[in-house]
Each structure stands twice: as C-alpha cells, then as structure tokens.
Amino acid sequence: MATKLTSRESDYSKWYNELVVQADLAQHSDVKGCMVIKPYGFAIWERMKDVLDQMFKDTGHVNAYFPLFIPKSYLSKEAAHVEGFAKECAVVTHYRLKNAEDGSGIVVDPDAKLEEELIVRPTSETIIWNTYKDWIQSYRDLPLLVNQWANVVRWEMRTRLFLRTTEFLWQEGHTAHETSDQAVEEARKMLEVYADFAEGWMAMPVLKGVKSANERFAGAVDTYCIEAMMQDGKALQAGTSHFLGQNFAKAFDVKFATREGGQELVWATSWGVSTRLMGALIMTHSDDAGLVLPPKLAPIEVVLVPIYKGEEQMAEIVGALQGVADQLKAAGFRVKLDDDDSKRSGWKFAEYELKGVPVRLAMGPRDLAGGTIEVARRDTRSKEIVPMDGIQSHVKGLLEEIQTSLFDRAEERRTSTTTSVDTWEEFLAALEAGGFVEAHWDGTSETEDLIKKETKATIRCIPLEGNEETGKCVRTGADSSQRVVFARAY
RNA sequence: CGGGGCGUGGCCUAGUCCGGUUACGGCGCCUGGUUUGGGACCAGGAGAUCGCAGGUUCGAAUCCUGCCGCCCCGACCA
C-alpha cells in the first residue's frame with residue numbers, strides 16, 4: 001500500500017480509477033463493466049441511501065419493490081421509451097442449463113426457451129405503470145407516491161467504476177397525480193430534494209435546470225436535473241426528475257374516476273439518483289493523497305490512533321483514547337479507535353488519509369503526559385495540538401467547519417470556472433479551459449447536435465434560475481431568449 | 001464495432017525478440033525477534049495448472065494457430 005496515487009494533474013482519469021480501488025471503495029468484477037462495491041464504499045452509499053430515504057419519506061413517499069424482469073412486450077408500449085432503451089437491454093431467453101452431451105461443461109438447454117423473453121430492467125416505468133393500472137381507480141387513490149431501491153442493468157459500451165457501470169444501484173420514484181400541475185410540482189419538489197441532498201450532505205454545489213429535448217429522458221415531457229462540476233472541468237449529471245405527462249398512462253391505460261365522475265388519464269413523474277453519486281462525491285472533493293469525504297456522509301467521522309512504545313504504554317494510551325472515543329460516540333459521532341497493534345501509527349495515518357476520514361486524533365506519550373491530543377483534518381491536511389479538555393466540542397466544531405469548507409471550496413471552484421460568452425471563439429476557448437459555459441442558443445436540436453459534433457459539448461441544462469436575457473445564438477446567430485449552460489460532460 | 005494495451009503466487013512485475021535444469025524481484029500473508037510521534041527492520045516460511053485449447057519440438061511462459069477475458073482511447077448513454 002506504499003503506492004502513490006497518480007496526480008490529478010498528470011492524468012485525472014487514471015487518478016480516479018486508482019483512487020476508487022486503493023481507497024477500497026470498489027473493484028472490477030470478472031464480468032465486464034460490472035463492479036464489486038466493497039464494504040467501505042458500500043458504507044458511504046448506505047449513508048447516502050439512508051439520508052435520501054428519510055427525505056423521501058418526509059415528503060410523503062413510501063417504498064415498494066417491483067420485479068427485476070420485465071416482459072419484453074411491455075417496453076414497446078411507449079414509443080419514445082423503447083427507442084431510448086432498446087439498444088442497451090440484457091435479455092433473458094432461457095430458464096435452464098444442462099450438462100453438455102460431450103461432457104465439455106454446462107450449456108443452455110434449448111428446450112427451456114421462454115415463451116416470452118424477459119428483459120432485465122434498465123428502469124421500471126413500464127412494469128410499474130402496468131401495475132399502477134390496477135392500483136388506481138379513483139381520484140381518491142391519488143396521488144400515488146412510491147419509491148423503490150433497486151439494481152438496474154444498462155448494457156453500456158464503455159463503463160467506469162461508479163460513473164457508468166453495466167449494473168448499478170439506484171432509487172426510482174414513480175408517482176401518479178390528478179393534474180398536470182401537481183405532477184410538475186412533484187417533479188420539481190424532488191429536484192429540490194436532490195439539490196438539498198447534494199449541497200447539504202455531499203457538500204457538492206449543483207445547478208438546477210431543465211434538459212433540452214436532446215438530453216431528455218426517453219418518454220418524458222420534461223426532464224429536470226442537477227448538474228455538478230468536477231475538478232477536471234467536466235460536468236456530471238447527478239440526478240434527474242421527470243415530468244412524464246400522460247405518456248405512460250396512455251401507454252398502459254391508467255385512468256381514474258374524476259371528482260366530476262369522468263374518466264381521465266393520470267399524470268406521472270419519475271425521479272432517480274444512482275451509485276453514480278459516489279463518483280460525483282469522489283471527484284468533487286478528493287485530492288492527490290486520496291479520498292476526501294464530507295463529514296456528514298463519512299462512515300467514520302473521527303479516527304483515533306494511538307502512538308506508543310511497548311505494551312504498558314499501549315495500554316495506557318489506548319485506555320485514554322477509549323475514553324475520548326466513548327465520549328464522542330455518546331455525542332453521536334461515528335468514531336473508530338484503531339488499536340490494531342500489527343500496524344504502526346504512520347501506516348494508519350496514510351491509510352485513513354487515503355480513505356478520506358475527515359478528522360484524525362492521535363495521542364502519544366507526550367500528549368498523555370501533557371493532557372493534549374493531536375488533531376488533524378483531512379481536507380486541509382493541517383495538524384494542531386489541542387488540550388484534551390473540551391475535545392468533544394472542538395471536534396464538533398471542526399467537523400462542521402470541514403463540511404462547510406468543502407462546500408465553499410467546491411462552489412468557489414465552480415464559480416471561477418464558469419464563463420459567460422457571446423462569440424463562437426470565446427465559446428471554444430471556454431470549453432477548452434473547462435467548466436460551465438453560459439451561452440445563447442437558438443433553441444433547436446439541430447444546432448445542439450452541431451455544437452456537440454464540433455466541440456463534444458452538450459447543453460447540460462437550461463437553468464431554472466436563469467435570468468431572461470435575449471441574445472444571439474453563439475453558433476448560428478439566430479435569436480435566443482435565455483442563456484443555457486454548456487459543458488463537456490461525463 | 002474500430003484503435004491501443006495487457007493476461008505469470010492474493011496484488012504489482014522480470015523473463016517472451018533469440019525455447020534449455022529448480023520461473024526473477026517487490027508488496028501482501030504466516031512464524032519469531034527487535035521496533036513504534038508519518039506507510040519500520042532482521043531472520044525464517046507458505047503460496048504458481050505462466051488466461052484457455054490445440055500444434056511444432058527431445059524440451060514451450062517463450063515459437064505457430066485458434067479462442068476467451070479484462071483495461072484504456074473513440075462512436076451510444078445516468
């Protein structure tokens with residue numbers, strides 16, 4: 001483990017790949033494009049999941065679970081949806097294996113062919129709306145606010161740990177409403193939940209906006225999104241929330257009896273965030289020494305490391321640290337006392353820095369004698385010696401400061417790399433420099449395609465808080481009513 | 001699907017061009033000892049169908065043929 005990470009500057013992509021593996025977050029599985037999420041990585045995801053789950057419940061949602069397998073015919077019921085996902089579906093065709101006649105191993109039994117092939121869900125709209133059809137009869141059944149935590153499979157050509165894997169974990173909310181306005185309100189509300197989570201817990205500033213038609217979810221009327229900026233100047237879509245109109249209600253014939261006694265199609269939303277958030281979290285804060293975690297999501301907020309010579313001193317110092325650990329635990333902090341005698345303290349320092357533990361407390365014989373303790377913070381890599389008295393409130397304050405400071409630093413980086421341009425030359429230069437580029441666009445798919453082809457940049461979003469400002473499209477010179485945000489993206 | 005790279009103890013790797021006894025080294029692991037304020041040191045030890053299948057040869061990690069897998073870079077996507 002004496003290996004040094006590749007620096008971000010020399011090869012950002014390599015830095016990321018090495019960090020994920022070395023910080024013990026995940027590893028490649030033997031199946032192409034899939035990953036094993038290791039216990040430490042999963043602990044971070046569990047934190048995210050727990051917090052989000054509570055946020056969903058606080059906004060009136062309940063959890064349920066729908067099947068992994070979807071009859072192939074369901075997918076084709078909504079035209080845009082099938083168009084969007086058909087190219088990346090895993091298909092189950094058989095249900096049995098048998099020993100090969102020639103003894104060469106095990107083969108698919110051709111006699112066990114499924115009558116209707118099943119697809120492994122790339123998302124669950126179709127099977128859920130097919131089910132909602134039976135759940136919804138009256139306006140009294142609405143709104144229907146359901147979420148599920150699940151795995152999904154999308155057969156992508158190119159994958160990267162957490163950012164894009166063939167199988168990934170996520171949550172998908174699927175709601176049904178009486179009116180269009182209520183559904184739009186729901187989609188926007190969940191976007192706010194995502195934004196609050198990203199900024200308040202991940203310490204990751206996000207832009208809220210609407211996707212252009214090109215970037216819209218297959219089957220949605222509108223796709224709302226939060227977009228984050230990574231340290232290499234590339235944008236990352238961190239969460240999406242869709243207003244689905246009546247598209248799925250139409251496709252699956254989901255009608256309800258209105259207050260007036262008529263029959264109407266319901267209005268729908270869906271919204272999701274995935275293990276991709278892990279990638280966002282890593283790339284937002286981490287440095288060349290390894291992972292940097294915001295305290296609120298860190299599985300371990302404070303690690304305590306004893307420094308000692310001999311068994312007698314070890315017992316004394318570990319005993320003193322145990323007291324500190326107990327005190328911090330009682331105050332509600334996630335704490336680990338590492339009294340493993342087989343690793344030296346220096347090794348532990350490096351290890352917990354690599355793993356992004358926000359605060360480290362170290363105590364040696366000098367501290368024990370003087371009633372002090374060494375406090376190191378991961379984000380700035382600074383150390384100080386403080387009195388043992390009042391350590392709890394000191395740690396509390398420090399953790400809050402780290403959380404705030406990580407957000408501020410990320411926001412400052414985003415702000416300083418966001419540029420507003422009016423000419424094509426400026427546009428190209430800004431893209432080259434990295435970051436968000438605010439520019440006028442004539443509103444057509446053709447122009448967006450053209451720009452993407454020429455520059456690899458896409459419209460990340462049309463900001464919700466964008467100020468109305470007329471101008472001329474940066475590419476075609478046609479009229480534009482608002483600046484949109486471009487960037488190269490993950 | 002194109003382009004590139006790689007497959008050798010758990011991990012990284014030398015050896016492959018130019019075939020030759022027992023497959024180099026490091027990390028990690030086990031045992032014992034000395035150590036301990038930033039990834040300790042010494043001694044001993046365990047651990048390998050050299051990706052798979054054929055072929056050439058007295059002899060293959062090395063040469064030939066075929067296959068499989070993974071990673072990276074591009075076209076599709078969260």
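A:T6 and A:D11 share no side-chain donor-acceptor pair at under 3.5 Å. No hydrogens or angles considered: a donor-acceptor pair under 3.5 Å links the side chains of A:Q322 and A:D326. Using a 3.5 Å distance cut-off with no hydrogens or angles, the side chains of A:H174 and A:E172 do pair a donor with an acceptor.
Across all strands shown, B:rG38 has no partner, as no Watson-Crick or G-U wobble contact with both distances under 3.5 Å is found. Figure legend. B:rC29 is base-paired to B:rG45; pairs are counted as Watson-Crick or G-U wobble with both atom distances under 3.5 Å. Base pairing annotation: B:rG59 forms no Watson-Crick or G-U wobble pair, as no partner gives both donor-acceptor distances under 3.5 Å.
A:W15 has its CH2 atom 18 Å from the C1' atom of B:rC72, to the nearest Å. Between A:K456 atom NZ and B:rC76 atom P there is a gap of 11 Å when expressed in whole angstrom units. The nearest whole Å value for the distance from the CE atom in A:M230 to the C1' atom in B:rA78 is 13 Å. Atom OH of A:Y490 and atom P of B:rC77 are 19 Å apart (whole Å). Summarising the geometry, the separation between CE on A:M35 and C1' on B:rC71 is reported as 16 Å, rounded to the nearest angstrom. Straight-line distance from the CD atom of A:E311 to the P atom of B:rU36: 14 Å, rounded to whole Å. The distance from atom CZ of A:R158 to atom P of B:rC70 is 15 Å, rounded to the nearest whole Å. Look at CD on A:E156: it is 15 Å from P on B:rG74, rounded to the nearest Å.
Among residues two or more places apart in sequence or in another chain, the ring-ring contact (aromatic ring centres under 6.0 Å, His included) test is passed with A:Y308 by none.
Across the interface with RNA chain B, nearest-nucleotide mapping of A:T166 and A:M157 shows A:M157 to be the residue nearer the 5′ end.
Separation of the C1' atoms belonging to B:rA14 and B:rG9 is 15 Å when rounded to the nearest angstrom.
Note on A:S13: a side-chain N or O is less than 4.0 Å away from OP1 or OP2 of B:rC73. Between A:N17 and the phosphate of B:rC71, there is no side-chain N or O to OP1/OP2 separation shorter than 4.0 Å.
Taking the side chain of A:R366 as heavy atoms from C-beta on, and the options B:rG37, B:rG39, B:rC77, the nearest nucleotide is B:rG37.
A distance of 6.0 Å or more separates the ring centres of A:F168 and A:F162.
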